[in-house]
*Asks:* 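Take this structure first; my questions come after.
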Number of protein chains: 2
Amino acid sequence: MGNRFIDKLHGFSPLSPDEVKVLAKATANPRKFARRIDLIREGDRPGPVFVVLEGWACRYKILPNGTRQVLAYLMPGDSCDLHIGLLAEMDHSIQAITPALVATVDRVEMDIILDSNRGIAKAMYLSQLIDEGTMRAWITSMGRRSSLERVSHLMCELYMRARNIGLIDALDRLALPLSQALLADSLGMTTVHLNRVLKVLRESGAMTIERGVLHIEDPEKLIRMAGFDENYLHRRLRQVA
Amino acid sequence: MGNRFIDKLHGFSPLSPDEVKVLAKATANPRKFARRIDLIREGDRPGPVFVVLEGWACRYKILPNGTRQVLAYLMPGDSCDLHIGLLAEMDHSIQAITPALVATVDRVEMDIILDSNRGIAKAMYLSQLIDEGTMRAWITSMGRRSSLERVSHLMCELYMRARNIGLIDALDRLALPLSQALLADSLGMTTVHLNRVLKVLRESGAMTIERGVLHIEDPEKLIRMAGFDENYLHRRLRQVA
DNA sequence: CGTCCTCTTGATTCCCTTCAATATGAGTGG
DNA sequence: CCACTCATATTGAAGGGAATCAAGAGGACG
(Lines give C-alpha, C1' and ligand atoms only; values in the text may rest on other atoms or scores of the structure.)
Protein backbone atom coordinates (compact mmCIF):
# COMPACT_ATOMS: atom_id res chain seq x y z
CA MET A 1 0.00 0.00 0.00
CA GLY A 2 1.14 3.52 -0.74
CA ASN A 3 1.06 6.58 1.44
CA ARG A 4 -2.56 7.35 2.20
CA PHE A 5 -1.81 10.94 3.08
CA ILE A 6 -0.27 11.59 -0.30
CA ASP A 7 -3.11 9.78 -2.02
CA LYS A 8 -5.65 11.95 -0.29
CA LEU A 9 -3.91 15.24 -1.02
CA HIS A 10 -3.29 14.16 -4.57
CA GLY A 11 -7.03 13.77 -4.96
CA PHE A 12 -7.53 17.40 -3.94
CA SER A 13 -4.85 19.04 -6.01
CA PRO A 14 -2.57 17.35 -8.51
CA LEU A 15 0.85 17.15 -6.94
CA SER A 16 4.08 17.37 -8.88
CA PRO A 17 6.54 14.47 -8.55
CA ASP A 18 8.69 16.77 -6.45
CA GLU A 19 5.83 17.52 -4.11
CA VAL A 20 5.10 13.83 -3.72
CA LYS A 21 8.73 13.31 -2.79
CA VAL A 22 8.61 16.11 -0.25
CA LEU A 23 5.54 14.60 1.40
CA ALA A 24 7.01 11.10 1.34
CA LYS A 25 10.11 12.35 3.05
CA ALA A 26 8.17 14.33 5.64
CA THR A 27 6.12 11.29 6.62
CA ALA A 28 8.88 8.73 6.24
CA ASN A 29 9.27 7.90 9.90
CA PRO A 30 5.82 7.26 11.33
CA ARG A 31 5.30 6.11 14.87
CA LYS A 32 3.06 3.26 15.98
CA PHE A 33 0.33 3.96 18.50
CA ALA A 34 -1.55 1.19 20.23
CA ARG A 35 -5.32 1.20 20.54
CA ARG A 36 -6.61 3.68 23.11
CA ILE A 37 -3.38 5.58 23.39
CA ASP A 38 -3.62 9.37 23.29
CA LEU A 39 -1.52 11.05 20.64
CA ILE A 40 -1.95 14.29 22.56
CA ARG A 41 -4.12 15.43 25.44
CA GLU A 42 -6.21 18.47 26.23
CA GLY A 43 -4.01 20.96 28.04
CA ASP A 44 -0.84 19.69 26.35
CA ARG A 45 1.26 22.10 24.42
CA PRO A 46 0.73 21.32 20.74
CA GLY A 47 3.72 19.83 19.00
CA PRO A 48 4.14 18.63 15.45
CA VAL A 49 1.33 18.11 12.97
CA PHE A 50 -0.09 14.58 13.16
CA VAL A 51 -0.69 12.65 9.97
CA VAL A 52 -2.58 9.39 10.26
CA LEU A 53 -1.16 6.98 7.68
CA GLU A 54 -2.91 3.81 8.81
CA GLY A 55 -5.65 3.09 11.33
CA TRP A 56 -8.34 5.23 12.89
CA ALA A 57 -8.20 7.91 15.54
CA CYS A 58 -10.59 10.41 17.05
CA ARG A 59 -10.62 13.84 18.57
CA TYR A 60 -12.52 13.96 21.84
CA LYS A 61 -13.18 15.96 24.94
CA ILE A 62 -13.89 14.81 28.49
CA LEU A 63 -16.36 16.93 30.46
CA PRO A 64 -16.17 17.76 34.16
CA ASN A 65 -18.93 15.23 34.85
CA GLY A 66 -16.87 12.48 33.26
CA THR A 67 -18.83 12.11 30.04
CA ARG A 68 -17.05 12.11 26.72
CA GLN A 69 -17.81 13.83 23.45
CA VAL A 70 -16.16 12.59 20.28
CA LEU A 71 -15.51 15.56 18.00
CA ALA A 72 -14.23 13.95 14.83
CA TYR A 73 -12.96 10.73 13.36
CA LEU A 74 -9.57 10.62 11.71
CA MET A 75 -9.23 8.02 8.99
CA PRO A 76 -6.10 6.98 7.09
CA GLY A 77 -4.77 10.01 5.24
CA ASP A 78 -6.30 12.53 7.64
CA SER A 79 -4.20 15.04 9.51
CA CYS A 80 -4.77 17.42 12.38
CA ASP A 81 -4.76 21.19 12.17
CA LEU A 82 -1.98 22.70 10.16
CA HIS A 83 -1.19 25.68 12.31
CA ILE A 84 -1.96 24.01 15.60
CA GLY A 85 1.50 24.95 16.83
CA LEU A 86 0.40 28.55 17.18
CA LEU A 87 -1.73 27.66 20.18
CA ALA A 88 -0.49 27.54 23.73
CA GLU A 89 -2.44 24.43 24.60
CA MET A 90 -4.75 21.82 23.14
CA ASP A 91 -8.47 22.29 23.76
CA HIS A 92 -9.15 18.60 23.11
CA SER A 93 -7.41 15.24 22.98
CA ILE A 94 -6.66 12.87 20.12
CA GLN A 95 -6.66 9.11 20.60
CA ALA A 96 -5.93 6.07 18.47
CA ILE A 97 -9.02 3.90 18.02
CA THR A 98 -7.15 1.09 16.32
CA PRO A 99 -3.43 0.39 16.24
CA ALA A 100 -2.30 3.31 14.14
CA LEU A 101 0.63 4.47 12.11
CA VAL A 102 1.06 8.18 12.63
CA ALA A 103 3.65 10.47 11.11
CA THR A 104 4.57 13.70 12.83
CA VAL A 105 5.69 16.68 10.84
CA ASP A 106 7.61 19.35 12.64
CA ARG A 107 5.95 22.73 12.65
CA VAL A 108 8.86 24.56 11.10
CA GLU A 109 9.28 21.88 8.45
CA MET A 110 5.58 22.07 7.67
CA ASP A 111 5.76 25.82 7.24
CA ILE A 112 8.66 25.46 4.83
CA ILE A 113 6.82 22.78 2.87
CA LEU A 114 3.72 24.95 2.57
CA ASP A 115 5.70 27.99 1.56
CA SER A 116 7.56 26.24 -1.21
CA ASN A 117 4.91 23.90 -2.59
CA ARG A 118 1.70 25.58 -3.72
CA GLY A 119 0.07 22.30 -4.65
CA ILE A 120 0.59 20.85 -1.21
CA ALA A 121 -0.55 24.04 0.46
CA LYS A 122 -3.70 24.14 -1.60
CA ALA A 123 -4.50 20.50 -0.86
CA MET A 124 -3.89 20.98 2.84
CA TYR A 125 -6.11 24.05 3.00
CA LEU A 126 -8.84 22.20 1.16
CA SER A 127 -8.51 19.34 3.57
CA GLN A 128 -8.92 21.73 6.48
CA LEU A 129 -11.96 23.37 4.90
CA ILE A 130 -13.59 19.97 4.53
CA ASP A 131 -12.86 19.15 8.15
CA GLU A 132 -14.57 22.38 9.12
CA GLY A 133 -17.54 21.57 6.93
CA THR A 134 -17.75 18.22 8.64
CA MET A 135 -17.81 19.88 12.05
CA ARG A 136 -20.65 22.08 10.89
CA ALA A 137 -22.51 19.02 9.68
CA TRP A 138 -22.05 17.45 13.12
CA ILE A 139 -23.40 20.56 14.84
CA THR A 140 -26.37 20.45 12.50
CA SER A 141 -26.95 16.79 13.27
CA MET A 142 -26.81 17.25 16.99
CA GLY A 143 -29.01 20.29 16.95
CA ARG A 144 -31.70 19.54 14.45
CA ARG A 145 -31.75 15.91 13.44
CA SER A 146 -33.62 13.10 15.17
CA SER A 147 -31.57 10.27 16.58
CA LEU A 148 -32.50 8.06 13.64
CA GLU A 149 -31.42 10.74 11.18
CA ARG A 150 -28.29 11.40 13.19
CA VAL A 151 -27.13 7.82 13.18
CA SER A 152 -27.90 7.32 9.48
CA HIS A 153 -26.20 10.59 8.65
CA LEU A 154 -22.98 9.63 10.39
CA MET A 155 -22.99 6.26 8.65
CA CYS A 156 -23.44 7.97 5.29
CA GLU A 157 -20.57 10.29 6.09
CA LEU A 158 -18.21 7.57 7.21
CA TYR A 159 -19.11 5.47 4.21
CA MET A 160 -18.49 8.29 1.75
CA ARG A 161 -15.23 9.30 3.35
CA ALA A 162 -14.07 5.71 3.41
CA ARG A 163 -15.03 5.25 -0.21
CA ASN A 164 -13.10 8.33 -1.21
CA ILE A 165 -9.93 6.76 0.12
CA GLY A 166 -10.62 3.25 -1.08
CA LEU A 167 -11.56 1.62 2.20
CA ILE A 168 -14.68 -0.11 0.88
CA ASP A 169 -14.18 -3.80 0.07
CA ALA A 170 -15.35 -5.72 -2.96
CA LEU A 171 -18.58 -6.70 -1.22
CA ASP A 172 -19.32 -3.02 -0.67
CA ARG A 173 -18.64 -3.22 3.03
CA LEU A 174 -16.58 -1.11 5.41
CA ALA A 175 -14.53 -2.32 8.37
CA LEU A 176 -15.75 0.05 11.05
CA PRO A 177 -13.68 -0.25 14.23
CA LEU A 178 -16.06 1.89 16.28
CA SER A 179 -17.75 0.46 19.35
CA GLN A 180 -21.31 1.47 20.10
CA ALA A 181 -19.98 3.36 23.12
CA LEU A 182 -17.78 5.44 20.85
CA LEU A 183 -20.54 6.02 18.32
CA ALA A 184 -22.91 7.04 21.08
CA ASP A 185 -20.35 9.49 22.40
CA SER A 186 -20.03 11.05 18.97
CA LEU A 187 -23.77 11.33 18.42
CA GLY A 188 -24.73 12.71 21.80
CA MET A 189 -26.79 9.72 22.85
CA THR A 190 -26.58 6.76 25.20
CA THR A 191 -25.33 3.34 24.12
CA VAL A 192 -28.73 1.91 24.97
CA HIS A 193 -30.56 4.22 22.66
CA LEU A 194 -27.98 3.96 19.89
CA ASN A 195 -28.35 0.22 20.03
CA ARG A 196 -32.09 0.56 19.57
CA VAL A 197 -31.68 2.91 16.64
CA LEU A 198 -29.25 0.50 14.99
CA LYS A 199 -31.86 -2.20 15.43
CA VAL A 200 -34.45 -0.07 13.66
CA LEU A 201 -32.03 0.55 10.81
CA ARG A 202 -31.24 -3.14 10.60
CA GLU A 203 -34.88 -4.17 10.56
CA SER A 204 -35.76 -1.51 8.03
CA GLY A 205 -33.28 -3.10 5.65
CA ALA A 206 -31.28 0.11 5.25
CA MET A 207 -28.00 -0.97 6.82
CA THR A 208 -26.36 -3.28 9.31
CA ILE A 209 -23.32 -3.20 11.53
CA GLU A 210 -22.17 -6.68 12.41
CA ARG A 211 -18.94 -7.52 14.09
CA GLY A 212 -17.36 -4.25 13.18
CA VAL A 213 -18.49 -4.34 9.57
CA LEU A 214 -20.80 -1.71 8.14
CA HIS A 215 -22.94 -2.79 5.25
CA ILE A 216 -25.29 -0.37 3.56
CA GLU A 217 -27.92 -2.59 2.04
CA ASP A 218 -30.18 0.12 0.66
CA PRO A 219 -28.16 3.28 0.00
CA GLU A 220 -31.09 5.24 -1.40
CA LYS A 221 -33.13 4.47 1.66
CA LEU A 222 -30.36 5.32 4.11
CA ILE A 223 -29.63 8.60 2.38
CA ARG A 224 -33.30 9.44 2.49
CA MET A 225 -33.59 8.54 6.15
CA ALA A 226 -30.54 10.67 6.95
CA GLY A 227 -31.43 13.62 4.78
CA PHE A 228 -27.85 13.24 3.65
CA ASP A 229 -26.36 15.75 1.25
CA GLU A 230 -22.71 15.13 0.65
CA ASN A 231 -22.02 18.67 -0.49
CA TYR A 232 -20.20 19.39 2.77
CA LEU A 233 -17.57 16.81 1.91
CA HIS A 234 -16.73 18.95 -1.11
CA ARG A 235 -15.82 16.32 -3.62
CA ARG A 236 -16.59 18.65 -6.46
CA LEU A 237 -13.74 21.09 -6.20
CA ARG A 238 -13.27 24.37 -7.89
CA GLN A 239 -11.37 23.92 -11.12
CA VAL A 240 -9.28 27.06 -10.81
CA ALA A 241 -5.57 27.29 -10.19
CA MET B 1 -14.20 53.95 16.34
CA GLY B 2 -11.29 52.16 14.73
CA ASN B 3 -11.23 49.08 12.60
CA ARG B 4 -12.41 46.17 14.71
CA PHE B 5 -10.81 43.63 12.42
CA ILE B 6 -7.40 45.18 12.84
CA ASP B 7 -7.94 45.49 16.58
CA LYS B 8 -8.75 41.83 16.84
CA LEU B 9 -5.81 40.62 14.80
CA HIS B 10 -3.52 43.00 16.63
CA GLY B 11 -4.52 41.28 19.84
CA PHE B 12 -3.36 37.95 18.44
CA SER B 13 -0.06 38.96 16.95
CA PRO B 14 1.54 42.39 17.12
CA LEU B 15 1.22 43.95 13.70
CA SER B 16 3.74 46.31 12.19
CA PRO B 17 2.54 49.75 11.12
CA ASP B 18 2.87 48.54 7.55
CA GLU B 19 0.70 45.57 8.22
CA VAL B 20 -1.93 47.74 9.83
CA LYS B 21 -1.90 49.88 6.71
CA VAL B 22 -2.29 46.87 4.47
CA LEU B 23 -5.30 45.68 6.45
CA ALA B 24 -6.85 49.14 6.55
CA LYS B 25 -6.54 49.39 2.80
CA ALA B 26 -7.95 45.92 2.20
CA THR B 27 -11.05 46.68 4.29
CA ALA B 28 -11.43 50.30 3.26
CA ASN B 29 -14.61 49.88 1.24
CA PRO B 30 -17.07 47.91 3.31
CA ARG B 31 -20.59 47.24 2.19
CA LYS B 32 -23.71 47.70 4.26
CA PHE B 33 -26.04 44.76 4.76
CA ALA B 34 -29.50 45.15 6.21
CA ARG B 35 -30.81 42.88 8.93
CA ARG B 36 -31.73 39.39 7.67
CA ILE B 37 -29.91 39.74 4.41
CA ASP B 38 -27.73 36.81 3.35
CA LEU B 39 -24.12 37.67 2.62
CA ILE B 40 -23.87 34.38 0.81
CA ARG B 41 -26.03 31.28 0.51
CA GLU B 42 -25.51 27.55 0.67
CA GLY B 43 -24.81 26.36 -2.85
CA ASP B 44 -23.34 29.68 -3.95
CA ARG B 45 -19.87 29.75 -5.33
CA PRO B 46 -17.65 31.29 -2.65
CA GLY B 47 -16.32 34.70 -3.50
CA PRO B 48 -14.17 37.06 -1.48
CA VAL B 49 -13.37 36.68 2.20
CA PHE B 50 -15.96 38.43 4.38
CA VAL B 51 -14.79 40.61 7.24
CA VAL B 52 -17.43 41.88 9.65
CA LEU B 53 -16.44 45.36 10.76
CA GLU B 54 -19.63 46.34 12.58
CA GLY B 55 -22.74 44.43 13.54
CA TRP B 56 -23.48 40.77 14.04
CA ALA B 57 -23.92 37.93 11.57
CA CYS B 58 -24.35 34.19 11.77
CA ARG B 59 -23.55 31.11 9.80
CA TYR B 60 -26.52 28.81 9.44
CA LYS B 61 -27.94 25.88 7.59
CA ILE B 62 -31.53 25.09 6.61
CA LEU B 63 -32.52 21.43 6.73
CA PRO B 64 -34.85 19.66 4.29
CA ASN B 65 -37.61 19.70 6.92
CA GLY B 66 -37.35 23.48 7.11
CA THR B 67 -35.67 23.74 10.49
CA ARG B 68 -32.62 25.91 10.90
CA GLN B 69 -29.35 25.32 12.68
CA VAL B 70 -27.15 28.27 13.56
CA LEU B 71 -23.52 27.21 13.28
CA ALA B 72 -21.64 30.23 14.56
CA TYR B 73 -22.00 33.86 15.47
CA LEU B 74 -19.82 36.46 13.80
CA MET B 75 -19.15 39.52 15.90
CA PRO B 76 -17.39 42.74 14.88
CA GLY B 77 -13.85 41.88 13.82
CA ASP B 78 -14.68 38.29 12.85
CA SER B 79 -14.07 36.99 9.38
CA CYS B 80 -15.06 33.91 7.45
CA ASP B 81 -12.74 31.17 6.26
CA LEU B 82 -9.54 32.35 4.70
CA HIS B 83 -9.27 29.83 1.93
CA ILE B 84 -12.96 29.50 1.30
CA GLY B 85 -12.37 30.38 -2.34
CA LEU B 86 -10.88 26.95 -2.93
CA LEU B 87 -14.30 25.35 -2.61
CA ALA B 88 -16.74 24.95 -5.46
CA GLU B 89 -19.75 25.85 -3.38
CA MET B 90 -20.78 26.96 0.09
CA ASP B 91 -22.05 24.28 2.45
CA HIS B 92 -23.87 26.84 4.58
CA SER B 93 -25.20 30.40 4.46
CA ILE B 94 -24.15 33.56 6.24
CA GLN B 95 -26.67 36.19 7.24
CA ALA B 96 -26.58 39.61 8.88
CA ILE B 97 -28.36 39.60 12.24
CA THR B 98 -28.16 43.36 12.65
CA PRO B 99 -27.43 46.03 10.08
CA ALA B 100 -23.81 45.20 9.38
CA LEU B 101 -20.75 46.73 7.83
CA VAL B 102 -18.89 44.03 5.95
CA ALA B 103 -15.67 44.33 4.02
CA THR B 104 -14.86 41.87 1.30
CA VAL B 105 -11.30 40.97 0.50
CA ASP B 106 -10.61 39.47 -2.87
CA ARG B 107 -9.15 36.00 -2.73
CA VAL B 108 -6.07 36.83 -4.75
CA GLU B 109 -5.45 39.97 -2.75
CA MET B 110 -5.81 38.00 0.47
CA ASP B 111 -3.26 35.45 -0.73
CA ILE B 112 -0.80 38.19 -1.51
CA ILE B 113 -1.36 39.81 1.88
CA LEU B 114 -0.78 36.52 3.67
CA ASP B 115 2.32 35.74 1.66
CA SER B 116 3.97 39.06 2.33
CA ASN B 117 2.91 39.76 5.92
CA ARG B 118 3.84 37.08 8.44
CA GLY B 119 2.18 38.90 11.31
CA ILE B 120 -1.15 39.08 9.53
CA ALA B 121 -0.90 35.48 8.41
CA LYS B 122 -0.18 34.32 11.93
CA ALA B 123 -3.06 36.32 13.38
CA MET B 124 -5.46 35.04 10.74
CA TYR B 125 -4.44 31.43 11.31
CA LEU B 126 -4.88 31.87 15.03
CA SER B 127 -8.27 33.35 14.44
CA GLN B 128 -9.25 30.36 12.37
CA LEU B 129 -7.96 27.93 15.00
CA ILE B 130 -10.10 29.65 17.61
CA ASP B 131 -13.15 29.44 15.37
CA GLU B 132 -12.52 25.72 15.06
CA GLY B 133 -12.16 25.38 18.80
CA THR B 134 -15.45 27.16 19.17
CA MET B 135 -17.13 24.73 16.81
CA ARG B 136 -15.79 21.85 18.87
CA ALA B 137 -17.16 23.49 22.00
CA TRP B 138 -20.55 23.73 20.31
CA ILE B 139 -20.47 20.05 19.34
CA THR B 140 -19.60 19.24 22.93
CA SER B 141 -22.45 21.38 24.22
CA MET B 142 -24.99 19.84 21.93
CA GLY B 143 -23.86 16.32 22.61
CA ARG B 144 -23.17 16.19 26.27
CA ARG B 145 -24.49 19.22 28.10
CA SER B 146 -27.97 19.66 29.56
CA SER B 147 -30.09 22.47 28.19
CA LEU B 148 -29.36 24.60 31.26
CA GLU B 149 -25.63 24.05 30.84
CA ARG B 150 -25.89 24.66 27.12
CA VAL B 151 -27.60 28.00 27.46
CA SER B 152 -25.27 29.19 30.23
CA HIS B 153 -22.27 28.01 28.25
CA LEU B 154 -23.23 29.97 25.17
CA MET B 155 -23.83 33.08 27.25
CA CYS B 156 -20.41 32.70 28.85
CA GLU B 157 -18.85 32.33 25.41
CA LEU B 158 -20.61 35.33 23.91
CA TYR B 159 -19.78 37.42 26.94
CA MET B 160 -16.10 36.52 26.85
CA ARG B 161 -15.81 37.08 23.13
CA ALA B 162 -17.59 40.40 23.42
CA ARG B 163 -15.36 41.43 26.27
CA ASN B 164 -12.25 40.59 24.27
CA ILE B 165 -13.28 43.10 21.67
CA GLY B 166 -14.57 45.75 24.04
CA LEU B 167 -18.30 45.29 23.53
CA ILE B 168 -19.20 45.27 27.23
CA ASP B 169 -20.53 48.57 28.51
CA ALA B 170 -19.65 50.39 31.71
CA LEU B 171 -22.48 48.66 33.57
CA ASP B 172 -21.00 45.30 32.62
CA ARG B 173 -23.76 44.57 30.15
CA LEU B 174 -23.78 43.37 26.57
CA ALA B 175 -26.13 44.41 23.79
CA LEU B 176 -27.18 41.02 22.48
CA PRO B 177 -29.20 41.33 19.27
CA LEU B 178 -30.22 37.68 19.27
CA SER B 179 -33.88 36.69 19.38
CA GLN B 180 -34.89 33.65 21.37
CA ALA B 181 -35.72 31.96 18.09
CA LEU B 182 -32.15 32.47 16.93
CA LEU B 183 -30.68 31.34 20.22
CA ALA B 184 -32.89 28.28 20.21
CA ASP B 185 -31.75 27.45 16.69
CA SER B 186 -28.13 27.65 17.76
CA LEU B 187 -28.63 25.51 20.84
CA GLY B 188 -30.71 22.77 19.29
CA MET B 189 -33.81 23.44 21.33
CA THR B 190 -37.27 24.96 20.92
CA THR B 191 -38.03 28.58 21.68
CA VAL B 192 -40.47 27.45 24.32
CA HIS B 193 -37.90 25.47 26.21
CA LEU B 194 -35.20 28.08 25.80
CA ASN B 195 -37.59 30.63 27.25
CA ARG B 196 -38.08 28.41 30.29
CA VAL B 197 -34.38 27.89 30.76
CA LEU B 198 -33.81 31.64 30.58
CA LYS B 199 -36.44 32.02 33.26
CA VAL B 200 -34.62 29.57 35.50
CA LEU B 201 -31.37 31.46 34.96
CA ARG B 202 -33.10 34.73 35.72
CA GLU B 203 -34.72 33.43 38.89
CA SER B 204 -31.51 31.81 40.04
CA GLY B 205 -29.88 35.22 39.95
CA ALA B 206 -27.16 34.12 37.54
CA MET B 207 -28.03 36.25 34.54
CA THR B 208 -30.80 38.04 32.71
CA ILE B 209 -31.59 38.95 29.13
CA GLU B 210 -33.94 41.89 28.92
CA ARG B 211 -34.81 43.76 25.78
CA GLY B 212 -31.71 42.57 23.98
CA VAL B 213 -29.33 43.23 26.84
CA LEU B 214 -27.41 40.45 28.52
CA HIS B 215 -26.42 41.04 32.10
CA ILE B 216 -24.43 38.47 33.99
CA GLU B 217 -25.27 39.14 37.60
CA ASP B 218 -23.31 36.31 39.17
CA PRO B 219 -20.40 35.35 36.90
CA GLU B 220 -19.03 32.68 39.26
CA LYS B 221 -22.41 31.04 39.42
CA LEU B 222 -23.02 31.13 35.68
CA ILE B 223 -19.59 29.70 34.95
CA ARG B 224 -20.24 26.94 37.46
CA MET B 225 -23.64 26.17 35.98
CA ALA B 226 -22.16 26.06 32.48
CA GLY B 227 -19.06 24.08 33.32
CA PHE B 228 -17.39 26.78 31.32
CA ASP B 229 -13.67 26.59 30.62
CA GLU B 230 -12.53 29.36 28.36
CA ASN B 231 -9.41 27.50 27.25
CA TYR B 232 -10.97 26.88 23.83
CA LEU B 233 -11.04 30.62 23.15
CA HIS B 234 -7.25 30.53 23.42
CA ARG B 235 -6.59 33.87 24.98
CA ARG B 236 -3.28 32.67 26.33
CA LEU B 237 -1.27 32.42 23.17
CA ARG B 238 2.04 30.82 22.61
CA GLN B 239 4.83 33.33 23.06
CA VAL B 240 6.97 32.11 20.20
CA ALA B 241 7.66 33.90 16.94
C1' DC C 1 -13.02 -21.83 30.66
C1' DG C 2 -13.49 -18.04 33.42
C1' DT C 3 -13.17 -12.96 32.97
C1' DC C 4 -14.09 -8.79 30.90
C1' DC C 5 -15.88 -6.01 27.45
C1' DT C 6 -19.44 -5.13 24.29
C1' DC C 7 -23.96 -5.72 22.79
C1' DT C 8 -28.96 -6.37 23.57
C1' DT C 9 -33.39 -5.90 25.62
C1' DG C 10 -37.09 -4.56 29.17
C1' DA C 11 -39.27 -1.27 32.50
C1' DT C 12 -39.63 3.18 34.40
C1' DT C 13 -38.82 8.06 34.72
C1' DC C 14 -38.31 12.62 33.06
C1' DC C 15 -36.69 16.24 30.03
C1' DC C 16 -38.13 18.43 26.22
C1' DT C 17 -41.29 18.97 22.38
C1' DT C 18 -45.69 19.93 20.73
C1' DC C 19 -49.86 22.33 20.76
C1' DA C 20 -52.28 26.27 22.23
C1' DA C 21 -53.29 30.70 24.00
C1' DT C 22 -52.02 35.18 25.58
C1' DA C 23 -48.94 39.08 26.42
C1' DT C 24 -45.67 42.39 25.08
C1' DG C 25 -43.38 45.35 21.99
C1' DA C 26 -41.66 47.38 17.72
C1' DG C 27 -42.76 49.40 13.46
C1' DT C 28 -46.07 51.58 10.17
C1' DG C 29 -49.44 54.42 8.29
C1' DG C 30 -53.46 57.26 8.76
C1' DC D 1 -50.19 60.55 18.23
C1' DC D 2 -52.82 56.56 18.20
C1' DA D 3 -54.65 52.39 15.96
C1' DC D 4 -53.22 48.45 13.66
C1' DT D 5 -50.26 44.69 12.52
C1' DC D 6 -46.77 41.47 12.94
C1' DA D 7 -42.88 39.57 15.30
C1' DT D 8 -41.30 38.15 19.64
C1' DA D 9 -41.79 36.57 24.28
C1' DT D 10 -44.29 34.07 27.93
C1' DT D 11 -46.87 30.52 30.13
C1' DG D 12 -49.90 26.14 30.59
C1' DA D 13 -51.07 21.30 29.53
C1' DA D 14 -50.22 16.94 27.45
C1' DG D 15 -47.58 13.57 24.99
C1' DG D 16 -43.37 11.40 23.36
C1' DG D 17 -38.52 10.39 22.80
C1' DA D 18 -34.51 9.42 25.12
C1' DA D 19 -32.17 8.64 29.61
C1' DT D 20 -31.75 5.81 33.44
C1' DC D 21 -31.75 1.59 35.84
C1' DA D 22 -31.28 -3.24 35.55
C1' DA D 23 -30.24 -7.74 33.79
C1' DG D 24 -28.66 -11.02 30.57
C1' DA D 25 -26.40 -12.65 26.21
C1' DG D 26 -22.65 -12.94 23.12
C1' DG D 27 -17.58 -12.69 21.97
C1' DA D 28 -12.69 -12.03 22.56
C1' DC D 29 -8.73 -13.43 24.96
C1' DG D 30 -5.32 -15.21 28.11
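Side-chain atoms are counted along with the backbone in the values below, which use heavy atoms only and exclude waters and symmetry mates. Each chain gets a letter, A, B and so on, in the order its sequence line appears, and its residues count up from 1.
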*Asks:* Has A:Ser179 got a side-chain N or O lying under 4.0 Å from the OP1 or OP2 atom of C:dT6?
*Replies:*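 Answer is no, no contact under 4.0 Å.
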*Asks:* Dump every N/O contact between nucleotides 19-28 of chain C and the protein below 3.5 Å, one line per pair.
*Replies:*
none

*Asks:* Counting side-chain heavy atoms from C-beta on, which of C:dT8, D:dT10, D:dT8 comes nearest to A:Gln180?
*Replies:*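 Given the options C:dT8, D:dT10, D:dT8, the side chain of A:Gln180 is closest to C:dT8.
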*Asks:* Over all strands shown, is B:Ser147 touching base, sugar-phosphate only, or nothing at heavy-atom distances under 4.0 angstrom?
*Replies:*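 Touches sugar-phosphate only.
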*Asks:* Hey, does B:Gly188 reach any base, or is it just sugar-phosphate, or nothing, if we go heavy atoms under 4.0 Å?
*Replies:*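 It contacts sugar-phosphate atoms only.
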*Asks:* Any heavy-atom pair between the side chains of A:Asp131 and B:Glu132 that's under 4.5 Å?
*Replies:*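 B:Glu132 vs A:Asp131: side chains apart.
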*Asks:* Check every strand shown and say whether B:Arg36 touches a base, only sugar-phosphate, or nothing at a heavy-atom separation below 4.0 Å.
*Replies:*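 It contacts sugar-phosphate atoms only.
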*Asks:* Does B:Lys199 put a side-chain nitrogen or oxygen below 4.0 Å from OP1 or OP2 of D:dT10?
*Replies:*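 Indeed not, no polar side-chain atom of B:Lys199 lies that close.
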*Asks:* Once you measure the plane-to-plane angle for A:Phe50 and A:Phe33, does it fall in the parallel (<30°), tilted (30-60°) or perpendicular (>60°) bin?
*Replies:*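 Geometry flag for A:Phe33 against A:Phe50: perpendicular rings.
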*Asks:* Give me the ring orientation class for A:Trp56 and A:Tyr73: parallel if the planes are under 30° apart, tilted from 30 to 60°, perpendicular past 60°.
*Replies:*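 Ring orientation, 0 to 90° scale: perpendicular.
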*Asks:* Quick check against the 3.5 Å criterion: does A:Arg150 have a side-chain atom that pairs as donor or acceptor with the backbone of A:Arg145?
*Replies:*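 Yes, because the side chain of A:Arg150 sits within donor-acceptor range (under 3.5 Å) of the backbone of A:Arg145.
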*Asks:* With nearest nucleotides of DNA chain D determined for B:Asn195 and A:Val197 from heavy-atom distances, which residue corresponds to the more 5′ nucleotide?
*Replies:*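 Taking each residue's closest nucleotide, the earlier one in sequence belongs to B:Asn195.
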*Asks:* Taking A:Gln69 for the side chain and A:Ile62 for the main chain, is one N or O donor matched with an acceptor at less than 3.5 Å?
*Replies:*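 Here the side-chain-to-backbone pair does not exist.
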*Asks:* Between D:dA9, D:dA19, C:dT17, which nucleotide has the shortest distance from any of its atoms to the side chain of B:His193?
*Replies:*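 Nearest to the side-chain atoms of B:His193, counting from C-beta on, is C:dT17.
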*Asks:* Please give, in whole Å, the distance from D:dA28 P to A:Arg35 CZ?
*Replies:*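 Rounding to the nearest Å, CZ of A:Arg35 and P of D:dA28 are 12 Å apart.
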*Asks:* Just wondering, do B:Cys156 and B:Leu222 contact through their side chains at under 4.5 Å, heavy atoms?
*Replies:*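 SC-SC contact between B:Leu222 and B:Cys156 confirmed.
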